[in-house]
Structure formats: C-alpha cells, structure tokens
Amino acid sequence: MLKAILISNNIEGLENYFQSNEKVSYEISHVTKHFYPDLSSYDLLIVPNGSDQVAMGKIKDKVKDFLDEGKALICCDGWFTNWVPGNQWRMDNDKKTIDIRYFVKDDPHGFFKGLDVNEFIFSHGISGYWACGYIVAAENATVILEDTWQRPIIVLDEKTTNGLMFLTASGPLGDMTFDGKESKKQSSLVKLYQHVIDYLITVKKQAYA
C-alpha cells in the first residue's frame, strides 16, 4: 500500500475523488496561511487540479528533498510557479481547441494500454478540454502523451531526481474507482490513474525487495 499526502486548496468535494482503499491511504493537507507540510512519512505527493501553486512554490525545496529520497509525485495541475524539478508548465491558449488532438508518443510502462485516447480529447464532442497549455519537459524525461503540435501533455520523469514524477498539463485525474459511482469506474481517465498507482506500488515493492 502507498501512503499519499494530497494537497487541498480547500475545494469542496475533493476528498470524494481520493478515498483510501487497499492500494492507497490518503491524507489531506489543507493549504493555510502557515502551509508547510511534513512530507517525510509519505510515499506519494499528489497535487490535483485546482491546487494553490503559490503555496507549492514556497515548499519547492521540501518537494525536491522528498523526490531525492526516491518518493513519487503526481501533479495534475498547471504549475505556474517553478516548484517541479526540471519541468515547467506553460499556459497557451493560442491554439484553437477544435484542432487539438492527443497522441501516445512513448509509453514504456503501458500506462495507456487498453485506454481510449479519445476520452482525453473530447468531452461532449468538444475537443481540447483535457489540457491547458503544455509541459516544457526535462531533457531525459519521457513524453507519454503529446498534442497536435508535438508538445508534451503527459510526462514521466524518472531521471531528474531519485524519485518519480508523473505530470499532466493540467489534465484532471483522480482516484474515482472507489467513489461508488459505477459509471466512472471504467473510464480511461480513471484507468490511467490506476495504472500509475499500480506502477508505483511495483516500484515500491522492488525498492524493498
């Protein structure tokens, strides 16, 4: 089991998308005036869509130390402060959303196996909803998903630090498998998150083997 700390900007209902289960135990850290969480006892740091990036910028050294200890980060929000080691999000609304398509580029761990990429492209028939901008990826990072203009949308970085970073260009993901809503359980977005969690569990087991 992974022990995860979930950063919350006090968005109502966030806990419904990250409920503890047999794979992950979630604890929520709320952003306050004195936000300075202790990350030492966790395996995984999750920064979901809608997070306070100014607050994350203030603890960037703690995040770097956390990753250098071999821990993992999942960031599913555009970060306009420079707190993610080696990688930077860029907002870009110059491209027409009608032209946006996503393509799997390099997926060494099979995160997209059995998934429908169209579920990341279209929402109610409208394209381009899933990402806002793109990622300027670290030199040795793996670009898993890219857009029409070959810009990184999902990045896996296992090289910049001793840990692992799974980064999306603000594309929302959550652990909705256990929220009791059957209609969501088989969606590709939910499956992608679960594939990442399964991989992190495997990595943790190998580390203690």
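Counting begins at 1 with the first residue of the sequence. Since this is a predicted model, take the numbers as computed values, not measurements.
- For W83, the side chain to side chain donor-acceptor pair (under 3.5 Å) partners at least two apart in sequence or on another chain are Q53.
- For the side chain to side chain donor-acceptor pair (under 3.5 Å) test, residues two or more places apart in sequence or in another chain that qualify with T160 are D157.
- Applying the ring pair (Phe, Tyr, Trp, His ring centres under 6.0 Å) rule to pairs touching residues 125-165 yields F120-W130, sequence neighbours excluded.
- Checking side-chain atoms of D43 against main-chain N and O of K3 turns up a donor-acceptor pair under 3.5 Å.
- Residues forming a side chain to side chain donor-acceptor pair (under 3.5 Å) with K64 (at least two apart in sequence, or on another chain): D68.
- Residues satisfying the side-chain contact (heavy atoms from CB on, under 4.5 Å) criterion with K113, sequence neighbours excluded, are absent altogether.
- When side chains are defined from C-beta on, W79 does not count as touching K60, because their heavy atoms never get closer than 4.5 Å.
- Partners of D65 according to the salt bridge (Lys or Arg N to Asp or Glu O under 4.0 Å) rule, which considers only residues two or more places apart in sequence or in another chain, do not exist here.
- The closest donor-acceptor contact from the side chain of S127 to the backbone of T97 lies under 3.5 Å.
- In this view, N162 satisfies the side chain to side chain donor-acceptor pair (under 3.5 Å) rule with no residue, not counting sequence neighbours.
- A heavy-atom distance below 4.5 Å is not found between the side chains of E119 and L115.
- The ring-ring contact (aromatic ring centres under 6.0 Å, His included) search around F166 returns F111, not counting sequence neighbours.
- Under the 4.5 Å side-chain heavy-atom criterion for grouping Ile, Leu, Val, Met, Phe, Trp and Tyr, F80 is connected to L73 within one hydrophobic cluster.
- Side-chain N or O atoms of S25 include none that pairs as donor or acceptor with a backbone N or O of N21 at under 3.5 Å.
- Contacts of M91 classified as side-chain contact (heavy atoms from CB on, under 4.5 Å), with partners at least two apart in sequence or in another chain: W89, N93, C132.
- Without hydrogens or angle criteria, N49 side chain to D77 main chain gives no donor-acceptor distance under 3.5 Å.
- To the nearest 0.5 Å, atoms CZ (F66) and CD1 (I59) are separated by 10.0 Å.
- L173 is not listed as a side-chain neighbour of Y17, based on a closest heavy-atom distance of 4.5 Å or more.
- Residue K58 places its NZ atom among 12 or fewer non-hydrogen atoms of other residues, nucleotides or ligands, all under 6.0 Å distant.
- D92 meets the salt bridge (Lys or Arg N to Asp or Glu O under 4.0 Å) test with R151; sequence neighbours excluded.
- Between I197 and L2, the closest side-chain pair of non-hydrogen atoms falls below 4.5 Å.
- Atom NZ of K159 has 12 or fewer neighbouring heavy atoms from other residues, nucleotides or ligands inside a 6.0 Å radius.
- There is no side-chain donor-acceptor pair under 3.5 Å between Y102 and N118.
- In summary, the side chains of D175 and Q194 do present a donor paired with an acceptor at a separation below 3.5 Å, with no hydrogens or angles considered.
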inquiry  = Set out, in order, the CA-CA distance, both residues' side-chain angles and the distance that settles side-chain contact (heavy atoms from CB on, under 4.5 Å) for H109 and L156, then state yes or no.
reply    = CA-CA 10 Å; H109 305 303; L156 175 70; 3.4 Å; yes
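- Checked by atom type and distance alone, the side chain of T148 pairs as donor or acceptor with a backbone atom of D99 at under 3.5 Å.
- The backbone N or O of I126 sits nowhere less than 3.5 Å from a side-chain atom of S123 that would complete a donor-acceptor pair.
- Side-chain atoms of Q150 and K105 form no donor-acceptor pair, as typed in the model, at a separation below 3.5 Å.
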Worked check of side-chain contact (heavy atoms from CB on, under 4.5 Å) between L164 and L200 = CA-CA 9 Å; L164 180 151; L200 292 178; 3.6 Å; yes
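- Within the 4.5 Å cutoff, the side chain of L14 has heavy atoms near those of the P48 side chain.
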inquiry  = For a salt bridge (Lys or Arg N to Asp or Glu O under 4.0 Å) check, start with the C-alpha distance between K23 and D198, then their side-chain angles and the critical distance, and finish with the verdict.
reply    = CA-CA 8 Å; K23 293 182 178 180; D198 290 341; 2.9 Å; yes
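- In this structure the side chain of C76 never reaches within 4.5 angstrom of the side chain of V47, judged on heavy atoms.
- Taking 4.5 Å as the limit, every side-chain heavy atom of I74 sits out of range of all side-chain heavy atoms of L45.
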Name each donor-acceptor pair under 3.5 Å that joins a side chain in residues 27-36 to protein atoms two or more places apart or in another chain, with its distance.
| unit_1 | atom_1 | unit_2 | atom_2 | d |
| --- | --- | --- | --- | --- |
| E27 | OE1 | Y42 | OH | 2.6 |
| H30 | ND1 | N10 | OD1 | 2.9 |
| T32 | OG1 | H34 | N | 3.3 |

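- Every residue meeting the salt bridge (Lys or Arg N to Asp or Glu O under 4.0 Å) condition with E69, not counting sequence neighbours, appears here in chain and number order: K71.
- The closest side-chain heavy-atom distance from V84 to M165 is below 4.5 Å.
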